[in-house]
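Per chain, numbering begins at 1; letters A, B, ... match sequence-line order. Source: prediction; values computed, not measured.
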Amino acid sequence: MDYVNVDKKWNAYWENNRCHLFNPKHADKKYYVMEMWPYPSGANLHLGHWFNFAPSDTFARYKKMSGYEVFQPMGFDAFGLPAENFAIKTGTHPKDNTLKNITTMERQLRDMGAMYDWDHEVSTCLPEYYRWTQWLFLQLYKKGLAYQKKAPVNWCSSCNTVIANEQVVDGACERCGTPVVRKEMTQWFFKITDYADELLRDLDKIDWPEKTKTMQRNWIGRSEGSEITFALEGRNDGITVFTTRADTLMGVSYVVLAPEKDIVLEITTPECRAAVEAYREETSRASDIDRLSSAREKTGVFTGAYCLHPVSGQKIPVWIADYCLGTYGTGAVMGVPAHDERDFAFAHKYRLPVKRVIRAANGEDDTLPYCAYGVTTDSAPFDGLASAEAIATIQAHLAKEGKGGKKINYRLRDWSVSRQRYWGTPIPIVYCPEHGAVPVPEKDLPVELPYGVNFTPDGASPLRKCETYMNTVCPVCGKPARRDPDTLDTFVCSSWYFLRYPDSHNTQKAFDTATADKMLPVDKYIGGAEHACMHLLYARFITKALRDMGYIHFDEPFASLVHQGLILGPDGFKMSKNRGNVINPDVYVNEYGSDAFRLYLMFRFAFTEGGAWSDDGVKSVVKFLDRIERVVLKSHEAAKKSRKDAITPQDKELAYTLNYTVKSVRQDCENFSFNTAIARMMELVNAMYKYEADKACDYAYLRYVSQELVKLLAPFCPHVAEELHELCGGKGTVFAQSYPVCDEHALVRDQVEIAVQICSKMKGRISVPSDADEETAKALALADPAIVAAIGGAAVKKAIYIRGRLLNLIV
RNA sequence: GCCGCCGUGGUGGAAUUGGCAGACGCGCCGGACUCAAAAUCCGGUGGUAGCGAUACCGUGUCGGUUCGACUCCGACCGGCGGCACCA
């Protein structure tokens with residue numbers, strides 16, 4: 001078969017007959033399959049795209065043949081830094097490059113032969129899309145979920161922009177590897193922390209890889225503990241700390257504030273005040289990468305102020321140290337050197353007392369379960385006193401006195417969304433000298449991204465230099481005003497695209513509520529695991545926020561999620577241009593056709609594992625397709641030599657194999673175990689050849705099996721299956737056929753082979769009636785000379801019989 | 001340091017979830033067809049010993065549970081991923 005031309009022929013057929021479009025009339029049987037959309041940064045589909053999209057398409061086609069009305073859309077995540085950086089480097093415009101890349105990638109995706117519904121295509125960089133991203137921003141703003149604050153942010157000096165916490169990897173920019181620095185800036189944030197608890201809880205409701213859920217759980221970082229207030233001497237306010245170790249309260253020897261924490265400590269001496277100011281100045285310049293290293297030596301200064309221990313009333317010195325983070329908990333912690341490694345290191349350096357907490361003896365203390373003994377020691381005990389009851393007792397005691405209580409904290413921070421870059425969705429906010437930040441009215445959307453902008457980076461937002469863009473009027477008073485010069489993080493664009501797809505041409509709304517409620521959640525979402533704490537978390541947050549505003553009525557965007565593995569270079573390293581180990585899929589597609597190539601990808605690699613690239617055996621799948629073609633066509637032509645007499649054991653055997661294959665392939669498709677599904681089909685083809693070689697071969701039956709095989713194969717090699725379907729006289733597309741269903745009766749055999757063990761050692765196998773009970777099996781085993789010999793005349797004391805599998809005789 | 005995942009032939013990977021380890025391929029060896037090669041087809045292929053039926057060993061290492069462990073439990077070794085001064 002000329003696989004390359006067969007590709008073209010059927011791609012054209014599907015296109016002309018509009019085979020892949022979702023039919024809303026059958027929405028009651030909808031199945032929404034979605035792949036993480038590509039980023040059109042390069043001009044070509046790479047191997048990673050193929051490994052994600054081709055097997056996913058096989059899954060979608062399998063679902064379609066199983067009776068679902070499959071909706072499989074495709075689009076482009078088109079805004080973002082790589083396109084802008086490429087444009088800067090080459091002196092071109094990101095819009096021109098991106099649109100060109102989209103055209104090329106779309107054509108390649110069509111050539112792949114995946115059944116995308118191109119009528120629902122979207123691209124984030126088009127005003128018809130980003131208009132609604134801006135709408136989304138305004139809804140969050142109205143709801144108080146988008147807010148501005150001056151805050152320390154992660155600044156990448158190479159990308160010249162702020163990046164989110166999620167985009168900082170090992171203290172460096174996820175994209176370019178430049179160490180991130182702290183910078184105080186006024187930025188827009190989305191209040192994802194409002195949903196911390198629900199985002200955590202609802203993980204239990206969704207069918208996602210456990211690994212991914214764990215990553216999100218850790219990222220959200222729920223921590224149960226206590227807030228405890230240490231009164232400031234001579235005042236009625238105090239310092240509130242957060243701790244998970246309230247049981248060690250009696251061991252506190254100092255209290256620490258984060259340097260950025262603004263607490264007025266009136267009683268500092270001039271020397272102390274100077275020291276504090278110097279320390280604050282010094283630490284504010286330290287970058288996060290320095291500050292967040294656990295190996296870093298702990299530093300701090302004494303403020304000169306004291307607070308009072310909430311139980312003992314003792315005077316406790318107040319320190320400032322940057323090992324205490326201003327962004328977590330209350331920005332203050334209690335120092336218990338005897339029970340915390342970090343506190344011990346600090347106390348050791350500054351010669352602060354180490355007080356070990358032990359269980360109080362009877363009569364020593366009748367209010368609390370623990371009391372402290374002063375111990376001066378160079379090695380901290382760090383013993384685990386913590387018990388839920390002790391903590392509860394202390395919390396109750398503090399609560400009664402109004403000095404604290406139970407508190408839950410989250411590690412999750414609000415999502416910073418402002419980017420000082422050009423190629424993104426403009427932020428629909430106007431600054432009026434009189435009215436401050438004013439949202440652009442929805443009727444004025446989109447705020448269009450101007451084309452003619454000098455986007456060469458110089459540390460400021462490029463749009464700021466575009467006067468025609470910046471100068472506008474205040475929507476409230478009509479007087480001159482300025483636009484927000486920043487653009488939105490591209491993750492905002494991708495946080496809602498699953499809602500746009502089903503309703504992609506709606507010019508009145510971002511999406512229609514009824515349509516969204518009918519089509520969502522996405523039934524199967526397929527993409528890389530690298531987005532676990534970014535896109536996959538943001539999309540969940542946006543879904544919940546839109547639900548609370550009444551725009552949709554479901555809680556989670558992606559009911560079921562699958563990650564494909566990563567295909568590495570032949571050297572076992574991640575593919576990269578620098579390393580020169582990039583494999584171009586086109587070479588294989590042009591030589592063997594897209595079906596053979598996707599089949600190879602699915603057969604060679606476990607879908608969720610991936611692995612190092614190798615083309616060893618790529619020809620074997622071509623051989624497999626050739627074998628299929630030969631047996632299918634031969635059985636079709638020879639079918640007139642039908643035997644038509646009684647059913648032979650050979651027929652039954654082939655029927656068994658066929659049905660076993662059908663059952664396995666269906667299960668394997670559900671589990672994305674495409675490699676084993678293909679192995680089962682290879683077994684079936686081998687069985688067909690064996691059957692054909694036998695003189696009892698009934699070609700009419702073989703033709704039937706061939707037809708079933710073609711259907712079975714269709715999701716895996718759609719073009720070849722169409723061609724075979726047609727060559728065998730089939731009408732229309734093979735995808736209009738139902739996927740084969742297993743006939744359970746064919747799987748019932750009269751006789752089965754079971755293993756026989758003597759004292760758990762394999763000694764042979766015997767054939768028994770498939771419904772044989774233990775006694776029958778035992779009798780048959782004892783009639784077998786080899787088994788009798790192995791027993792050697794000993795008495796059988798016990799037998800373990802697993803029907804259809806094994807008999808274990810204990811002697 | 002903490003959390004999670006994974007270690008199976010020469011090789012990619014299977015194993016109905018505690019029941020015949022190595023499915024299906026690749027590679028290799030042998031054979032058929034051929035003047036020859038390619039293609040195709042047939043057979044073999046975990047290791048050790050033996051002509052042989054067969055025996056023993058074998059899923060990172062060492063223990064344990066069980067009639068029975070790649071699978072469950074414990075300790076360790078090696079690899080990967082995530083988090084990392086979050087109190």
Side-chain angles (χ1 to χ4, degrees), chain A residues 169-171 209-219 221-223 225-226 241-246 248 256 258 291-298 321-325 327-336 339-343 345-346 409-413 529-530 532-533 566 600 603-606 609 611-621 623-624 626-627 630 660 663-664 667-668 673 675-686 689 693 753-765 786 789 797-811:
Chain A
V169 176
D170 289 334
E210 233 8 85
K211 181 179 78 176
T212 310
K213 292 202 214 179
T214 304
M215 278 165 70
Q216 288 207 354
R217 282 190 192 105
N218 293 342
W219 189 258
R222 181 189 150 101
S223 171
S226 323
V241 303
F242 173 75
T243 180
T244 54
R245 295 296 306 277
T248 65
V256 192
R291 236 187 115 173
L292 289 174
S293 159
S294 54
R296 186 175 187 228
E297 199 194 346
K298 290 178 178 42
D322 72 353
Y323 84 89
C324 177
L325 305 175
T327 45
Y328 182 75
T330 59
V333 292
M334 60 186 205
V336 187
H339 298 279
D340 185 280
E341 217 175 324
R342 297 157 298 182
D343 295 346
F346 190 77
N409 264 327
Y410 297 91
R411 214 193 65 114
L412 185 71
R413 311 286 156 77
E530 67 276 12
C533 296
L566 196 63
Y600 178 67
F603 183 61
R604 167 88 193 192
F605 304 95
E609 303 299 319
W613 172 258
S614 160
D615 59 11
D616 280 356
V618 73
K619 288 205 180 90
S620 75
V621 296
K623 189 168 125 186
F624 174 54
D626 290 344
R627 269 166 73 78
R630 260 182 276 126
Y660 179 73
K663 191 175 182 171
S664 308
Q667 262 170 23
D668 289 343
S673 304
N675 53 347
T676 51
I678 294 164
R680 296 292 88 78
M681 290 190 286
M682 285 174 167
E683 283 170 345
L684 175 60
V685 172
N686 291 343
Y689 270 88
E753 253 204 357
I754 64 166
V756 181
Q757 300 181 334
I758 308 299
C759 294
S760 307
K761 286 211 161 232
M762 269 295 297
K763 288 295 170 187
R765 42 201 72 166
K797 286 197 276 243
K798 189 179 165 189
I800 291 126
Y801 177 58
I802 310 292
R803 185 166 297 202
R805 308 206 68 84
L806 109 171
L807 176 69
N808 186 4
L809 300 173
I810 312 299
V811 293

Pair of N/O donor and acceptor under 3.5 Å linking B:rC26 base with A:Lys619 side chain: no
Nearest-nucleotide 5' precedence on RNA chain B, A:Ala606 against A:Gly804: A:Ala606
Residue met sooner reading RNA chain B from 5', once A:Gly611 and A:Ile754 are mapped to nucleotides: A:Gly611
Considering only heavy atoms from C-beta outward, does the side chain of [X] approach that of [Y] to under 4.5 Å?
X: A:Tyr323; Y: A:Leu325; result: no
X: A:Thr676; Y: A:Ser664; result: no
X: A:Ser673; Y: A:Asn675; result: yes

Rounded to whole angstrom, note down the [atom1] distance from [N] over to [M].
N: B:rA14; M: B:rG82; atom1: C1'; value: 29 Å
N: B:rU40; M: B:rA49; atom1: P; value: 36 Å
N: B:rA32; M: B:rC51; atom1: P; value: 27 Å
N: B:rG25; M: B:rA75; atom1: C1'; value: 38 Å
N: B:rC56; M: B:rG1; atom1: C1'; value: 46 Å
N: B:rC57; M: B:rG12; atom1: C1'; value: 26 Å
N: B:rG58; M: B:rA69; atom1: P; value: 11 Å
N: B:rU48; M: B:rG74; atom1: C1'; value: 32 Å

Please work out if [X] contacts a base, only the sugar-phosphate, or nothing of the nucleic acid, heavy-atom cut-off 4.0 Å.
X: A:Asn686; value: sugar-phosphate
X: A:Glu609; value: nothing
X: A:Arg765; value: base
X: A:Gln667; value: nothing
X: A:Ile810; value: sugar-phosphate
X: A:Phe603; value: base
X: A:Arg217; value: nothing
X: A:Arg630; value: sugar-phosphate
X: A:Asn808; value: base

What is the distance, rounded to the nearest whole Å, between atom [atom1] of [X] and atom [atom2] of [N]?
X: A:Met762; N: B:rG58; atom1: CE; atom2: C1'; answer: 15 Å
X: A:Asp340; N: B:rG1; atom1: CG; atom2: P; answer: 17 Å
X: A:Leu566; N: B:rC6; atom1: CG; atom2: C1'; answer: 16 Å
X: A:Asn218; N: B:rC5; atom1: CG; atom2: C1'; answer: 13 Å
X: A:Met682; N: B:rA14; atom1: CE; atom2: C1'; answer: 13 Å
X: A:Tyr660; N: B:rA14; atom1: OH; atom2: P; answer: 15 Å

Within the structure, does a side-chain N or O atom of [X] lie under 4.0 Å from either OP1 or OP2 of [N]?
X: A:Tyr328; N: B:rA87; answer: yes
X: A:Lys211; N: B:rC80; answer: no
X: A:Arg803; N: B:rG19; answer: no
X: A:Asn675; N: B:rA14; answer: yes
X: A:Ser223; N: B:rA87; answer: yes
X: A:Arg604; N: B:rC24; answer: no

Main-chain N/O of A:Arg627 paired with A:Tyr689 side-chain donor or acceptor, under 3.5 Å: yes
Side-chain (A:Asn808) to main-chain (A:Ser760) donor-acceptor, under 3.5 angstrom: yes
Torsion-based syn/anti label for B:rG79, 90° from 0 as limit: anti
Glycosidic conformation of B:rU17, taking syn as within 90° of 0 and anti otherwise: syn
Ring geometry between A:Trp613 and A:Tyr600 (parallel below 30°, tilted from 30 to 60°, perpendicular above 60°): perpendicular
Complement of B:rC83, any strand, by Watson-Crick or G-U distances under 3.5 angstrom: B:rG1
Complementary nucleotide of B:rU40, counting Watson-Crick and G-U pairs under 3.5 Å: B:rA32
